[in-house]
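A, B, ... follow the sequence lines: proteins, then strands. Residue 1 opens every chain. Computed from a predicted structure; not experimentally measured.
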There are 2 protein chains.
Amino acid sequence: MPTAEPLPPPPWVRGANKSGRRQLSLEAILESAMRILESEGLDAVTMRRVAQDMGTAAGSLYAHVRNKAELHELLLDAALAPVHVPEPDPARWRDQLLELLTGTARAMVAKPGIARVSMETAIPTTPNALRLMDGVLALLDAGGIPPREALAAADVLALHLTAAAYEMSVGGTPDAAAEELQRRTSQITQYLELLPPDRLSHLRAAQNLFETEEEADVDGLRLGLEMLLDGLRARSR
Amino acid sequence: MPTAEPLPPPPWVRGANKSGRRQLSLEAILESAMRILESEGLDAVTMRRVAQDMGTAAGSLYAHVRNKAELHELLLDAALAPVHVPEPDPARWRDQLLELLTGTARAMVAKPGIARVSMETAIPTTPNALRLMDGVLALLDAGGIPPREALAAADVLALHLTAAAYEMSVGGTPDAAAEELQRRTSQITQYLELLPPDRLSHLRAAQNLFETEEEADVDGLRLGLEMLLDGLRARSR
DNA sequence: ACCTGAACACCGTTCAAGT
DNA sequence: ACCTGAACACCGTTCAAGT
């Protein structure tokens, strides 16, 4: 028996309609929105743009999504979905935690601009955000950090991670971000040359390091996270 | 001799014109923009809104300001102006640094939404931003932190500070922010009740602490900064 | 040199009317 | 129940035309 062509869906199931056009549904909307996010960045994910992409009117989306903020939050949730939360191993909880946090940052940086959503929403409450938060708390617990401190630390770590991911993706594409950084550093150089040489002397001294620094990258993120974890250890002793 | 009424400006000085309307100038634009920022938040600071406030057309502003991003950056600079950079005292550099950083955060939180500008602009390059950065580097230097580490640390500290200030002012006014936080935490509670009790167990355990946490406040900021500074000390040993 | 008014190409959200 | 089309109240930016 040869594999038959997939049959068309019967007319009574949700998802089929006579016009042959893609039925509107939350999943279809998110798929479309995610495609736009990946290719053009968060700013391009507007209600009108998504609707146009689906061949429908902007108003139609409101039957499936409360507003643009909710759509963006659902995209954030989808972006976080692939991040794996490990089974805590007390022997190497610190490395596991670093891996979880940098992995989350990588997942956000992969979808241009999505970190801003996390930044904007105080505490993200979507399933995957909560799953990751629970994972962080579990690892801190495995590390013997008392609950009260653990919660505060998790907040700080999440804040740092989100901010670093955001910073890495200003201007949309990584290329644009790197170019912008370049423009900025040369602006500083120019300004310093203009100033009397005794002003902003410490910034001036750091100039040469500045040049070689290249981009922030995920390594810049690691440094901050390690400082925070070292600080956590230092102050709980 | 009684104090005379201030004389009207002579007709040939910049700033006077026959229509009696406020002459357009960068200072006047910034004044108007700052008034709107303070009363309605950053989102209300649009080219059209500022122009309307000054009784002119939106296009007219472009003679004095490159674009909206530049206007916002100038507002950030103005917001940072009152922050005082101390003379470094090696005996208490750490306290001085904490004071400088929290002071900067306070200055940003005072102008609703302005922290977002700092977050959006990778490295702010306006005079006051550079002045504060120089101050941070000076204090780290006074603390004996080697230049290379000091630069990295200053970056991390600035990132943290900005992110914390941003988070404190999501939703514009502090009231709205607090309300939003309330809504979010109760959302989490609801979601956890819905889930089987063995899922997200660490988050669940933290719930009660969560409730008593109130708002992030400037104290939440201090914790992160202290963790970072402790971490800096721990790792430079 | 600076300002105006209008235009262009967009936004988010609502809502009566249709199917 | 869901979708459409139009409307409302906005955006940033450009540019010919005026003074």
In terms of side-chain geometry, is the basic nitrogen of A:Asp43 or A:Arg116 positioned less than 4.0 Å from the acidic oxygen of its partner?
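Salt bridge: yes.
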
Indicate yes or no: does B:Arg106 engage B:Glu99 in a salt bridge with an N to O separation below 4.0 Å.
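Judged by the 4.0 Å cut-off on N to carboxylate O distance, B:Arg106 and B:Glu99 do form a salt bridge.
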
[X] has an atom [atom1]; how far is it from atom [atom2] of [N], in whole Å?
| X | N | atom1 | atom2 | answer |
| --- | --- | --- | --- | --- |
| B:Glu70 | D:dT13 | CD | C1' | 14 Å |
| B:Tyr62 | C:dT4 | OH | C1' | 15 Å |
| B:Leu42 | D:dC11 | CG | P | 13 Å |
| B:Leu26 | C:dC2 | CG | C1' | 15 Å |
| B:Leu71 | D:dC11 | CG | P | 13 Å |
| B:Gln52 | D:dC10 | CD | C1' | 11 Å |
| A:Arg48 | D:dC8 | CZ | P | 14 Å |
| A:Met47 | C:dT14 | CE | P | 10 Å |

Among [options], which nucleotide has an atom closest to any side-chain atom of [X]?
| X | options | result |
| --- | --- | --- |
| A:Ala63 | D:dC3, C:dC3, C:dT14 | D:dC3 |
| B:Arg49 | C:dG12, D:dT13, D:dC11 | D:dC11 |
| B:Thr56 | C:dT13, C:dC3, D:dG12 | C:dC3 |
| A:Ala57 | D:dC11, D:dT13, D:dG5 | D:dG5 |
| B:Leu24 | C:dC3, D:dC3, C:dG12 | C:dC3 |

Between C:dC3 and B:His64, is there an OP1 or OP2 to side-chain N/O distance shorter than 4.0 Å?
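So the side chain of B:His64 is within the cut-off, an N or O lying under 4.0 Å from OP1 or OP2 of C:dC3.
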
Any heavy-atom pair between the side chains of B:Arg204 and B:Leu195 that's under 4.5 Å?
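The answer is yes; the side chains approach within 4.5 Å.
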
Do the non-hydrogen side-chain atoms of B:Tyr191 and A:Pro127 ever get within less than 4.5 Å of each other?
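Result yes, sub-4.5 Å side-chain heavy-atom pair found.
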
Sort out the partner of C:dT19 for me: Watson-Crick or G-U wobble, both distances under 3.5 Å, none otherwise.
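Its partner is D:dA1.
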
Can you tell me the base-pairing partner of D:dT13? Count Watson-Crick or G-U wobble geometry only, both distances below 3.5 Å, and say none if there is no partner.
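In the structure as shown, D:dT13 has C:dA7 as its Watson-Crick or wobble partner.
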
I'd like the P distance from D:dA9 over to C:dA9, given in whole Å.
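Going atom to atom, P in each nucleotide, I get 23 Å.
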
Between B:Ser60 and B:Lys68, name the one whose nearest nucleotide on DNA chain D is closer to the 5' end.
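Residue closer to the 5' terminus by nearest nucleotide: B:Lys68.
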
Using heavy atoms to find the nearest nucleotide of DNA chain C for B:Gly59 and A:Asn67 separately, return the residue whose nucleotide is more 5′.
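With B:Gly59 and A:Asn67 compared, the 5'-side residue is B:Gly59.
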
Taking atom types as modelled, is there a side-chain donor on B:Glu73 or B:Thr121 under 3.5 Å from an acceptor on the other?
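Distance-only check fails for B:Glu73 and B:Thr121.
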
